[in-house]
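Letters go in sequence order (proteins before strands), and every chain restarts at 1.
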Amino acid sequence: MTVQDGNHGAEVAARTERRWATVSVIVIVVLAVLAAFAGIHQVTMPQPRVETIDPTRLHLSGEFVESNLGSVLEPNGAVTVRAIGQQYSFTPACILVPAQTPITLRATSADVVHGILVQGTNVNTMLVPGYVSEQLMRFEKLGDHLMPCQEFCSFGHEGMWGKVKVIDKEEFAAKAKSGGRLSCVGE
Amino acid sequence: MLVNRKLVLAHFWVAFAVFGLALFLGAWQMFVRSPLYTWISNPEWYYRSLTAHGTVMGYVFPTLVAMGFGYAISESALKQPLVGVRWAWAGFWLIVAGSVMAMVPVALGRASVLYTFYPPLIGSAFYYIGVVLVVVGSWIWVALMSINLRVWRREHPGEPVPLAMFANVAGSYLWAWTAVGAALELLLQIIPVALGWRTTIDAGLARVFFSWTLHAIVYFWLMPTYIAYYTIVPRAIGGRLYSDTMGRIAFILFLVVAMPIGIHHTFADPQVGAGFKFIHSAFTALVALPTLLTVFTICASVEIAARLRGGRGAFGWIMALPWDNPIMLAVTFSFVLLGFGGAGGLINMSYQLDATIHNTQWITGHFHLIFGGAIVIMYFAIAYDLWPHLTGRALPGLKLVRAQLWLWFVGMIVTTFPWHWVGILGMPRRMAYYDYSDPAISPQAFSVTLSAIGAFVLLISGLLFLYILATAHRQPAADAGAYRFSAPVHPVRTVPLALNSYAIWVALMIGLTVTNYAYPILTLAVRSDNSVPAVYVGAQ
């Protein structure tokens, strides 16, 4: 191409520009459609409901009292994990879960904003005081994962690390037989 | 025609001086949490430093650059002396006063809330009021840009507004509206609690308000960079702007779609439902459009320069570009880093992919590529390009300028690429130190060390930049002539009204913000069961 003047050059320029704009729009539409498809087809949409909870009364009554924290085997074979974050630790500090099982994590904060991230997975949610976070998860392999607080929660933030221990499904079922809430704190 | 040189220089010098200080803090932060520093430092100092670094780099530095450049554009593009010079100085001093007011409590450890505030953590009221003053100072600039354009229009009825000024005013309107989210959060929620008038706060609502500002502010930082792409680069390398129209469309698109996307910062938050998260995800994809259009137009403009210099062939023309020209280097580095940062942004924008890297070092890597890489490199270019016109003296030596740009480019890559990697491994951000003796973390030690080295390269480059600007003031006087902007290939005689005015676009910007934010904000604001007790920073 040489730099052209006059109408012909302007037409070429306009045509090239239009083509590029079309390509750009197509790229963006494809991206949005992909996200919608993955969200609907593979059910990877965010938590749909907004639930509130009073952080000052967590320890007194309701879902997040201390005796209710940890993992519980539901009658249908699924597992529910309840946890809270507070300056500067998670309770329970070590979450025990079975492999190859659908798990629902329900968590909240007792004071400021925290976050739960399970390394090596895409489990990642914010804990905002006043609200309950729900996250569906499933672990295929046995092993330990680090679970740092991923959101700044004041000066002790860097020391706030939890753990997730994934154990065999049968082993978990055996531990859960006697009822109660399971965790791997102290193990 | 630059009359108020002192005004522009004052903005730039304060901007670059605080930038230099914030670079020191950044490099120190990288050092103390790397394996190079084995003693555990006091994390309190780390978070003070992080708050100062973020506040300066996020609010003070880019705002002053946009304002200083804006005043220069207004005078030289409209070819009329600035209207409201006294107000401009008042805005400048408001920003200086606000910055000092904010930084004193930060230095004392009374406001370690990072620049993103994090209620219900509450710091000293002086910190927040200082930030508000910075914003109010910048709003004076917004008003002045609008007034100056109006004065020009009255004397040039029907004429196309010069592209640089058109973009500059679009950027100022974008900023005025963008800042409203954080302003509402500060004035309605945080400051009353910081002053002790109230003791509870809705942390979820505060996060939604902040997300209103948090993404669009990046496009405000980006505006001077994009103005430089369109109106400085083609002229500086001896080419022409491929399309004036495309420039106008890109800036209008930024104005309209940069705003209603911030909820993508709360993808992992429990206080916003799935529907609005998806809508904001789709709108975030849309904001890639003006960037894709810009990449095309600027590459085409650069190609024109190369062909004018005798470049041949499908790719051979690339060799004919003036690679020793600092602006050519700057725009190349800026585009490369924008490419990597933008690709990362498209990953962040998708809810599913974001889950893997949300709040990890990946995010730090992404926005440092965009801000520190793509944006700041062009701030350097703007300063280098304007300096001879502001000081009346030539730059001391292009070799030094090139070395500075290369150092910044290499430093930015060495810093941010390892961050992306450890982010994928799940390393959380905003940590004062990591326990590298933990076998699960020790493999990341090497990457963190690399980032720390990169931070020092960046620091050296930043200091070299300040050195070049300072020594330029002592060069022998040289007349740089009138300050000019790029000429388009096809001279602009008439422009459709829609591409020459803002009313419809500002209305669209506000309308889209309302549809994308009103419901999430109102549903939280009318509830009474979601306020939580404030947690005061530094309280015993």
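Of all heavy-atom pairs spanning B/His358 and B/His265, the tightest one is CE1-O, 4.1 Å. The two residues A/Leu73 and A/Ala176 have their closest heavy-atom pair at CB-CB, 3.9 Å. The shortest heavy-atom contact between B/Ala203 and A/Val128 is CB-CG1, 4.0 Å. Across all their heavy atoms, B/Tyr536 and B/Thr199 have their closest contact at OH-CA, 4.4 Å. In terms of heavy atoms, A/Phe139 sits closest to A/Val118 at CE2-CG1, 4.1 Å. In terms of heavy atoms, A/Gln119 sits closest to B/Pro428 at NE2-CD, 4.1 Å.
The greatest number of non-hydrogen atom pairs below 4.5 Å with chain A, out of B/Ser350, B/Pro119, B/Ser112, is found for B/Ser112. Counting heavy-atom pairs under 4.5 Å between each of B/Asn359, B/Val532, B/Thr356 and chain A puts B/Asn359 at the top. By number of non-hydrogen pairs under 4.5 angstrom with chain A, the leading residue of B/Ala268, B/Pro43, B/Ser531 is B/Ala268. Considering only heavy-atom pairs separated by less than 4.5 Å from chain A, the leading option among B/Leu286, B/Leu524, B/Leu121, B/Ile441 is B/Leu121. Chain A forms more heavy-atom pairs under 4.5 Å with one residue of B/Asp269, B/Val272, B/Leu346, B/Val535 than with any other, namely B/Asp269. Taking chain B as the reference chain and counting heavy-atom pairs below 4.5 Å, the highest number among A/Pro55, A/Pro48, A/Pro129 is found for A/Pro129. Each of B/Gly275, B/Ala432, B/Ala282 has some count of heavy-atom pairs under 4.5 Å with chain A, and the biggest count is that of B/Ala432. Options A/Gly120, A/Pro46, A/Ala32, A/Gly115 differ in how many heavy-atom pairs under 4.5 Å they form with chain B, and the most are formed by A/Pro46.
For the pair B/Arg430/B/Tyr118, a side-chain contact is recorded, criterion being any heavy-atom separation below 4.5 Å from C-beta on. Side-chain contact between A/Ile84 and A/Leu58: present, with at least one pair of heavy atoms (C-beta onward) separated by less than 4.5 Å. Looking only at side-chain heavy atoms (C-beta outward), B/Thr297 and B/Leu241 come within less than 4.5 Å of each other. Between B/Pro270 and A/Glu134 there is no side-chain heavy-atom pair separated by less than 4.5 Å. Using a 4.5 Å heavy-atom cutoff, the side chains of B/Leu205 and B/Arg527 are not in contact. Counting only heavy atoms from C-beta outward, the side chains of B/Thr360 and A/Leu117 approach each other to under 4.5 Å. Contact of the B/Asn530 side chain with the B/Gln271 side chain is not registered, since no non-hydrogen atoms from C-beta on lie closer than 4.5 Å.
In this structure, chain A has no heavy atom under 4.5 Å from any part of B/Asp435. Neither the backbone nor the side chain of B/Arg33 comes within contact range of chain A, judged by heavy atoms closer than 4.5 Å. Neither the backbone nor the side chain of B/Ile249 comes within less than 4.5 Å of any heavy atom in chain A. If you measure heavy-atom distances from B/Asp438 to chain A, the contacts under 4.5 Å come from the side chain alone. Of the atoms belonging to B/Tyr433, heavy atoms from both backbone and side chain fall under 4.5 Å from chain A. Residue B/Tyr47 touches chain A through its side chain alone, counting heavy-atom pairs closer than 4.5 Å. Looking at B/Leu425, only its backbone comes within 4.5 Å of chain A, counting heavy atoms on both sides. Of the two parts of B/Tyr46, neither the backbone nor the side chain holds a non-hydrogen atom closer than 4.5 Å to a non-hydrogen atom of chain A.
Separating the CE atom in B/Met431 from the CG atom in B/Leu50 is a distance of 12.0 Å, to the nearest 0.5 Å.
Within a 6.0 Å radius of CD in A/Glu66, other residues, nucleotides and ligands contribute 12 heavy atoms or fewer. Under a cut-off of 6.0 angstrom, the local environment of CZ in A/Arg138 is crowded, with over 12 non-hydrogen atoms contributed by other residues, nucleotides or ligands.
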Could you walk me through whether B/Trp362 and B/Ile424 pass side-chain contact (heavy atoms from CB on, under 4.5 Å), step by step? CA-CA 7 Å; B/Trp362 165 285; B/Ile424 293 170; 3.7 Å; yes

Start with the C-alpha distance between B/Arg207 and A/Tyr131, add both sets of side-chain angles, then the distance that settles side-chain hydrogen bond (donor to acceptor under 3.5 Å, both in side chains), and finish with yes or no. CA-CA 12 Å; B/Arg207 289 174 69 78; A/Tyr131 300 88; over 6 Å; no

For side-chain contact (heavy atoms from CB on, under 4.5 Å), just list the numbers for B/Ile263 and B/Phe283, CA-CA rounded to whole Å, side-chain angles, deciding distance to a tenth of an Å, and then say yes or no. CA-CA 10 Å; B/Ile263 283 179; B/Phe283 271 92; over 6 Å; no

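The aromatic rings of B/Tyr519 and B/Phe276 sit parallel to each other, their planes meeting at less than 30°, with 60° as the upper class boundary.
Within residues 85-111 of chain A, the residues having any heavy atom less than 4.5 Å from a heavy atom of chain B are, in residue-number order, A/Gln87, A/Asp111. For residues 150-162 of chain A, the interface with chain B (any heavy-atom pair closer than 4.5 Å) comprises A/Gln150, A/Glu151, A/Phe152, A/Cys153, A/Ser154, A/Phe155, A/His157, A/Glu158, A/Trp161, sorted by residue number. Contacts with chain B (heavy atom to heavy atom, under 4.5 Å) involve these residues of residues 13-30 of chain A, listed by number: A/Ala13, A/Thr16, A/Glu17, A/Trp20, A/Ala21, A/Ser24, A/Val25, A/Ile28.
For B/Arg309, the salt bridge (charged side-chain N to carboxylate O under 4.0 Å, His left out) criterion is met by no residue, not counting sequence neighbours.
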